[in-house]
Each structure stands twice: as C-alpha cells, then as structure tokens.
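For reference, the structure is listed below as structure tokens.
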Number of protein chains: 4
Amino acid sequence: MAKDSSAAKAPGKREEERRRAILRAAIEVFSRKGYQGCRIADVAKEAGVAYGLVYHYFQNKDELLESVFEAGWSWFLARVIEAAGKGNTFDERVESVVGVAFESYRRDPKAVKVLILEVGRSPSGGAVNRGKAFAHVIQLASQLFEEAQRNGELKPDHDPKLCAAMFFGAIEMGLTGFVMGFIDRREDTLLAAQRQVTETFLRGVSPGTQRTLEAAWTSPKSSSKPKLAKRA
Amino acid sequence: MAKDSSAAKAPGKREEERRRAILRAAIEVFSRKGYQGCRIADVAKEAGVAYGLVYHYFQNKDELLESVFEAGWSWFLARVIEAAGKGNTFDERVESVVGVAFESYRRDPKAVKVLILEVGRSPSGGAVNRGKAFAHVIQLASQLFEEAQRNGELKPDHDPKLCAAMFFGAIEMGLTGFVMGFIDRREDTLLAAQRQVTETFLRGVSPGTQRTLEAAWTSPKSSSKPKLAKRA
Amino acid sequence: MAKDSSAAKAPGKREEERRRAILRAAIEVFSRKGYQGCRIADVAKEAGVAYGLVYHYFQNKDELLESVFEAGWSWFLARVIEAAGKGNTFDERVESVVGVAFESYRRDPKAVKVLILEVGRSPSGGAVNRGKAFAHVIQLASQLFEEAQRNGELKPDHDPKLCAAMFFGAIEMGLTGFVMGFIDRREDTLLAAQRQVTETFLRGVSPGTQRTLEAAWTSPKSSSKPKLAKRA
Amino acid sequence: MAKDSSAAKAPGKREEERRRAILRAAIEVFSRKGYQGCRIADVAKEAGVAYGLVYHYFQNKDELLESVFEAGWSWFLARVIEAAGKGNTFDERVESVVGVAFESYRRDPKAVKVLILEVGRSPSGGAVNRGKAFAHVIQLASQLFEEAQRNGELKPDHDPKLCAAMFFGAIEMGLTGFVMGFIDRREDTLLAAQRQVTETFLRGVSPGTQRTLEAAWTSPKSSSKPKLAKRA
DNA sequence: GATGAATGAGTGTTCATTCAT
DNA sequence: GATGAATGAACACTCATTCAT
C-alpha cells in the first residue's frame, strides 16, 4: 500500500528533507554573511529547526560547510562534464560549458554566489578549499582542451591547464559582475554576457577575427544553435 | 629642546618603520592563515612588536586588514594605470597590464596571494570587500576598453565592463594556478603564462586567428618588445 | 483478554530484565568513564536498548546513578550485616566483614570499583553521595564496635565511630590497590591482603602482639576457620 | 634600590598573586561543588577576576584542576617525606606522618577535602587521577615500611605496599569523618582521632596488646612526645 | 512499550579590545 | 610610545530531557 511504503520511507524522507533544509539554510546564510561570518545559530534559525539538530545531521560546523560546497560543487561539476561532451566541435563544447555556468546562476544565484565567493578561501587546512575544487575543474577542463589541441582546435603552444584556469577565471569574473550587483541580473544582459564570454575565450576581444559564432548568434534562430535558442 | 628635536624626526621614522613592519607581518600572516584565521597576536608576534602596539597604529583589526589591502591594492592600481597608458596600441596596453600583474607576483607573491585569495571575503558589509576593489579596477579598465572600442580596437558589440571583468578574471585565475602551487613558479612558466593570457584575451584560444603577437614574441629580440625582452 | 493476560506477566519479566540490563550497563560505563563522564547514550548503547528507553525505566540520570549505587550498596550492606552477626567473637565478626568486602570484589570487581571510586563524589547536594553511604555503614559498624567495647573486645578509650571509619578506610584502600591495578588480582594475593587487613586492624602492624589470628590462619584447616578454608 | 627591585619584581609578584588567587578560588569552588560541578565562571567570580583571565594563567580547565591537585598534593607529599624521616623509631615516624595529615587538615580543611574527595575522580584518562597520586604516596610509604621490616619493626609477613595502602586508607577515612561533618571539628576530637589512628595502625584495636603509645599519650606531658605536646 | 529525532540550556574556549604601568 | 595583563562578549559544541511516531 501507499501508506505502508510511506511508513517505511517516510522517516527517511523526512530526515532527508531536514538535512536538505539545513543545507539550504546554510547556503542562504553563507550568501548573506559569508563563510566565516555564519553562525550555527543563524543556520538553525533560517532552517526553522532547533540549534542542536544541526549537530544531529552534521558532525560540526566544518562538515556543514563542506557539505554545502560538496553538494553545490559536485552538482556543478556533473553538469560541466555533461556539457563538455555535448557538442561535436570544440566551440560547441566551450559554449556548452559556459552555458552551464550561466544556467546555474539563473537557477540558483545564491548558491553560485557562495561557490564563487567562498570556495577555497579557507586557508589550506580546511577540508574545503579552492585547492581541491580548483584542481578538480581544472583537471576536467584540461582534458577537454588537450583533446581539442590534438584535433587542432586549440592553439598548439598553449598550456591546457592554463587555458582551463583562464577559462574558468573568465566565467567566474563574468558571473562575479552579476553576483556583486554591478550588472543588472536581466535575462538579456545575462545572455549577452554568456555569448561574450564564449566568444572572447574562443576568438579574443580583438576585431578582425572570424565572426562565425557572433554571426550565428546575431542571426535569429539559426538552426545551428538549438541549445542556445532553448536556453534563452 | 635637544631631546624634543631629536624626538621630532627619529621617532617619526621609527614609527613609520613599525607601521610598515606590522603591515608586512599582517600580509605574512594572512597569506598563511587567511583573512579570518589571523589573530592580532599572530601579527604582533610576526612583526616582533608588543601585542598592544598594533592598536597604536591601527584602530582595530578591520582597519589593519583594510590598510593591508589598501596598500597592496593601491600600489597595484597605480601600476595598472601607469601600464594602461604605456603603449601606443590597445594590444600593447593590454600586454602592459598583464605584465604588471605578473611582475607584481614575481616581486611579492605573498601579497598577491593575499589580494587574490582574500580580497572580497568579508561579507559585503566589511570595510574591505571584493565589491570596492573589484569596482575600482573594473572602472579603470573599462575606460581603457571604451577608448579601444572608440578606436575600433575592440569588438564593437562587447560590453566594456564585462570585458574588464573577464580580463582580470583570466589574469587572476592564471596567477591562481601559481598561487595554489599547481604550476611551478619558474621564470619560464611565468613568462609563458603571461604571454598566453595576453594572447588569449586578445585573439582567443582558437587557431586560425592572426598571430601578430605570437609572431612578435617568438621572433627573438624584436625591437617592438623591449619590456618583455628585459623581463625575460 | 488473552492478549492482556499474556502481556500481564511476560512483559513484566522482560521489563525487569531490561531494567537490570540498563543497570548493569551503567555499572560498566561508570567503571570505564566515571560517574560524570558517562552519558545516557553510552549506557543505552552498552545495554543494547534505545536511547529513550532509559527514560522509561529511570526518571533521569540522577535516578539511574542512585539506582546503581542503591543496588550495589544495599546488597553490600545486607551482606555486611549478615557477616557482622556470623561469628561468636569480635575477631570472627571483623574477619567476616573483611571477607564480605573481598568476596564482593571477587564476584564483581567492576561494581566494587564503581562503589569505591564513585560513591560520594557528587557534591553533597547530589542524591547519592558519600555522606549517606558513609553514614550508613559507619552506623552499622559502630554498633558492632560498641558491642565489642561493652564486651571488652575493643580498647575502651577508642571512639567506635572512628573505629568504623578506619576499618572501612583500610578495607577500601586495600581494595583500591587491586582496583587501580597496583596489585595483581590473583587469588593468593587477594587472600593474603584479606588476612593482612583483618590482622592489622585487630592487632596492628607491630610485631610482638599476640598472633592468635596469624597462628590460626597459618595452621592448615583449623576448624575455627571454615569460611576462609572454603574461600581459598 | 627598593623601588627598583619592586619595579623589577612587582609585576611578577602581582601575577603570582593572581595565579594563587585563582588556585585558591578553584579549591574553594571544588570543595563546594566538586571537581566536575565547578565552572570556570565560578572560579573567576570567586577569585574576583575576569573570566578570560583564568585562561591567561591556565591553558584550560583541566590544567587548572591539575594545578590545584599538583599544588596541594606536592605540598602534602613534601611534608610526608619530611615527617617520615623525623623520628628515630618506626613508631615515631608513623606518628609523624599521621600528625602531618591531621595538621594539614587543621590548617586547610577545604584543601584536604578537595584532595580527599576529588583526587582520582577523572576516569583514568585525566591528567590527575587517583592512580598517580595514590601510586606516589604508596611508593613513598612503602619505603618506610620496607625499612621498618628490615629493622624488625613491622611484621615480617606483611606486604609493605598493602601496609601503605591501609595506612593511608585509615588516615583518609579518619579525616573523612571530619570532612563529611560526622565528627565535630574540635581540637580535642581531632587530637583523639589522631592518636587513635596511630595506635590502631601500630597495635590494632584489640585490647591486650602493649599500650606503650597509649600510656605515653595519656600520661600528661611525657617527655617522649614533644611533637604532640607542641601540636595540641 | 520502544524508538531515536528534536530541543535548547549550559559551558568551555577564543580573541578583539581596553587599560594600567 | 610601548607593553602585556585584564576584560568580557561571542560562539561552537554537548548532552540531558522530551516527544511524536
């Protein structure tokens, strides 16, 4: 019966909900007060649970923080991996990954804010630090760039790891403009930024380079950009 | 009196030395323990001064932090402004600014580490945060990019502010690779990274774009690149 | 109903078992972590019952502690009373009581450890404290010593209460040597200690006092020492 | 100069005073609330200092507790060692040690209460526990008893360690009677108890043993008991 | 009865800041 | 100015106790 199954699973479900509620609350508080400024009491209040319950679900403050990053970051990484394999050409893959980053921001700006502003700030002793997170994405993106290099889609004298670092640096700073409120978070500015990041990374900011991507984007509903059309 | 006059300048000099010593110590401690992890006691010990003396030179911890960033950042900004006016062409200016960033890292990696890893940590309320610093460079660089756009040296449909954000994002992440120890801090890797950052920003990572810069760099001792030649 | 009647006795037995299991577990945990260091969670885990169940059987932690001491102590007191009446002479009664103490330790060293190390440590406000327990045995033993004094078996100028205190102090410290592991818990050392405690209390440590007891003990199977013979 | 020396030493002296004040306060609080029941806040308030100052002088609560015991116990041990060498005969030495214990109680009953009731509470992990303290006195006293045994002043078949344990057990329990308030803390009862403890340990409680000590004590101002005469 | 999640008061500890010398 | 002892607010963490299921 439905009731039976719910009885068997309900406690587990309720607990899982609580756990999620606390994680969400933590993200909320982090985005307001920052990694260090957040207090367990704030998280508990935000989640609407008792102080001690946080310690029922998480070993200590560090583990809570780690879980927040782990959850957000692993979700982001999974989407990046997926996106990196989505297009046939290097350009399409780069475009996909940029798309994932901006899409993540559209869906959950607070979580992205936390990831951007707080990941990796803990000295280096902390369980979560830029080191691990940074290393992981860079590692992933490096593979993409190495393959592209083998296919002649990336300048042969560029270091793939550095490419990866710059790639995410450009994305991060682009999003930071929104996160910090320097750019209005409107869909058109977001979309323009997304395009600009992609194009700058691929073709640079100098004019006189081929404008294939640009042409495609500006011409309405080009059949070669189905993903972007859906996204927008 | 003689005593007075002797005290007039000497202490002033000594005091300034103390102040600098404390600032240096603060940078040292920040780079080790991070913005929040540092304690006044650590800074005092590192500087070799008494605990309470820190409070003679700085109002409170926040002011100390602010001074650290102010000192480092304003120095960096001044150099960026200088560099931005150094070249005749847009490309040269971009190259100069990238050069300033990498040169800063060569000279004082710990200070750069602090600026990169710690600026913007304090929840937006803090005196020092990514907001102000970010806003300032972006503002400066925007002018560079707007001028370039007027001169037809920057793609006309790009947003100058976003350009600026991506520019510094690429630089920051490039340096982060070194700061975090993912890339050996050797002069040749630093120089290669510097070139790659410049070129990627200007021409993108895709091959098939003109290779003016690359050509100039790879040809030995081109008269048009005196700065880089000296640096290397 | 059938269900009721079946539940009438069986659960009662099971409940009693549970209660005992919790008490045993408490003794176990106390002997490991001490009176204050023990947590309800530890006791529950040790007893193999659910956390909350402890609160079905005991009002609160204090009541649990009290029950532990009550159970152990009342059992010990009952045996002491019995022993105090067992012999015909004062010497035999003293010997009996010492025997009870050592026998208790042989049977349940952990419980004795708890009683010795933990009884009476709670600040005098606590429900269980040395005061009550101490008062009780001293009271009992005093009667024994007063009677002995009336019979001329105890030095007439000695205070019976102080005698009682010293008597149990000597026993306690003797056992403490074993509890703390300073003396190997072997039957022969235990038996020797038991004899020594008795003799010292009755005749002192100085040689040249009559050795009646000693003689009796060393002569094998003296009919007047059936208990010791059986014990050994 | 006096001023110089006071300036050189005064701070150290003041600090030492503070440290002592905190230790005294800790003893006071321990004697009221027990080892575990005491809170740092209580100690600070009792000492009349700020909360945080306790942590200026002591690493943490455990170190404070340890210092309390260390201070009290080492003082007691030193006096015991001194006393153990004071007399010519075994009897006199035993009498001296008993005298030290009772004298300690006369001087500082609260400290003795703490030592008696609280030493050895911490399970066994704690830095201070009955184990160490117990081991130390037993070790010391054992030497006394071994020597006595060599001199034929102690029954040859007695275990010196067990003798030591019983000796201090008798003393401890004797004092416990006062500590717990069962016996009025009047000088005459204290003195009587002191005599009784000594005599019982040496000659036992049974009448018919030689009454040398007793005789000496009861006869007024016997020249052979100068210490007791002075003490009383 | 049995379970263990939920609660929240209590407390040890840190550390920025002040202040007497 | 220089020193470092003194202060106390803030906060992480524990754990006895309650309660819904």
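The basis for the numbers below is simple: all heavy atoms, side chains too, and nothing from hydrogens, waters or symmetry mates. Owing to the predicted nature of the structure, the values given are computational and were not obtained by experimental measurement. Reminder, nothing fancy here: chain letters follow the sequence lines and each chain counts from 1.
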Distance in angstrom units between [X] [atom1] and [N] [atom2], rounded:
X: Arg19(C); N: dA2(E); atom1: CZ; atom2: P; value: 13 Å
X: Asp42(C); N: dG4(E); atom1: CG; atom2: P; value: 16 Å
X: Lys33(D); N: dT11(E); atom1: NZ; atom2: C1'; value: 12 Å
X: Ile22(B); N: dG1(F); atom1: CD1; atom2: C1'; value: 12 Å
X: Leu64(A); N: dC13(F); atom1: CG; atom2: P; value: 10 Å
X: Lys45(B); N: dG4(F); atom1: NZ; atom2: C1'; value: 13 Å
X: Glu15(D); N: dT3(F); atom1: CD; atom2: P; value: 16 Å

Using 0.5 Å steps for rounding, measure from the [atom1] atom of [X] to the [atom2] atom of [Y].
X: Ile27(A); Y: Leu65(A); atom1: CD1; atom2: CG; result: 11.5 Å
X: Phe69(A); Y: Leu64(A); atom1: CZ; atom2: CG; result: 9.5 Å
X: Ile40(B); Y: Ile22(B); atom1: CD1; atom2: CD1; result: 9.0 Å

Problem - Minimum heavy-atom distance between Cys38(C) and Val29(C), given as atom pair plus value - result: CB-CG1, 3.4 Å
Fill in the blank from the handout: Taking every heavy atom of Val68(A) against every heavy atom of Ala26(A), the minimum-distance pair comes out as CG2-CB, 3.6 Å
Practice task
Answer yes or no: is there a side-chain heavy-atom contact under 4.5 Å between Arg19(A) and Glu15(A)?
Solution key: no
Exercise for the section: For Tyr57(D), report the nucleic acid contact type (base, sugar-phosphate, nothing); a contact means any heavy atom under 4.0 Å. Expected result: sugar-phosphate
Fill in the blank from the handout: Applying the Watson-Crick and G-U criteria (both distances under 3.5 angstrom) with [ ] for crossing and | for other-strand pairs, one obtains for DNA chain F .||||||||||||||||||||
Exercise for the section: Treat primed atoms plus P, OP1 and OP2 as sugar-phosphate and everything else as base, then score nucleotides 14-21 of chain F 5' to 3': B for base contact with protein heavy atoms under 4.0 Å, S for sugar-phosphate contact only, - for none. Expected result: BSBBB--S
Handout entry: Comparing Leu53(B) and Arg18(D) on DNA chain F - which has the more 5′ nearest nucleotide
Key = Leu53(B)
Which atom pairs, one a donor and one an acceptor, fall under 3.5 Å between side chains of residues 41-59 of chain D and the rest of the protein, sequence neighbours left out?
from	atom 1	to	atom 2	distance (Å)
Asp42(D)	OD1	Arg39(D)	NH2	3.2
Asp42(D)	OD2	Lys33(D)	NZ	3.3
Asp42(D)	OD2	Arg39(D)	N	3.4
Asp42(D)	OD2	Arg39(D)	NE	3.1
Asp42(D)	OD2	Arg39(D)	NH2	3.3
Glu46(D)	OE1	Arg32(D)	NH2	3.4

Exercise for the section: Check every atom of dA2(F), dT7(E), dA5(E) against the side chain of Val49(A) and return the nucleotide holding the closest atom. Expected result: dT7(E)
Handout entry: Those residues that, when tested against Arg24(A), pass side-chain hydrogen bond (donor to acceptor under 3.5 Å, both in side chains) (two or more places apart)
Key = Asp108(A)
Fill in the blank from the handout: Sorted by chain and number, sequence neighbours left out, side-chain hydrogen bond (donor to acceptor under 3.5 Å, both in side chains) with Lys110(A) holds for Glu28(A)
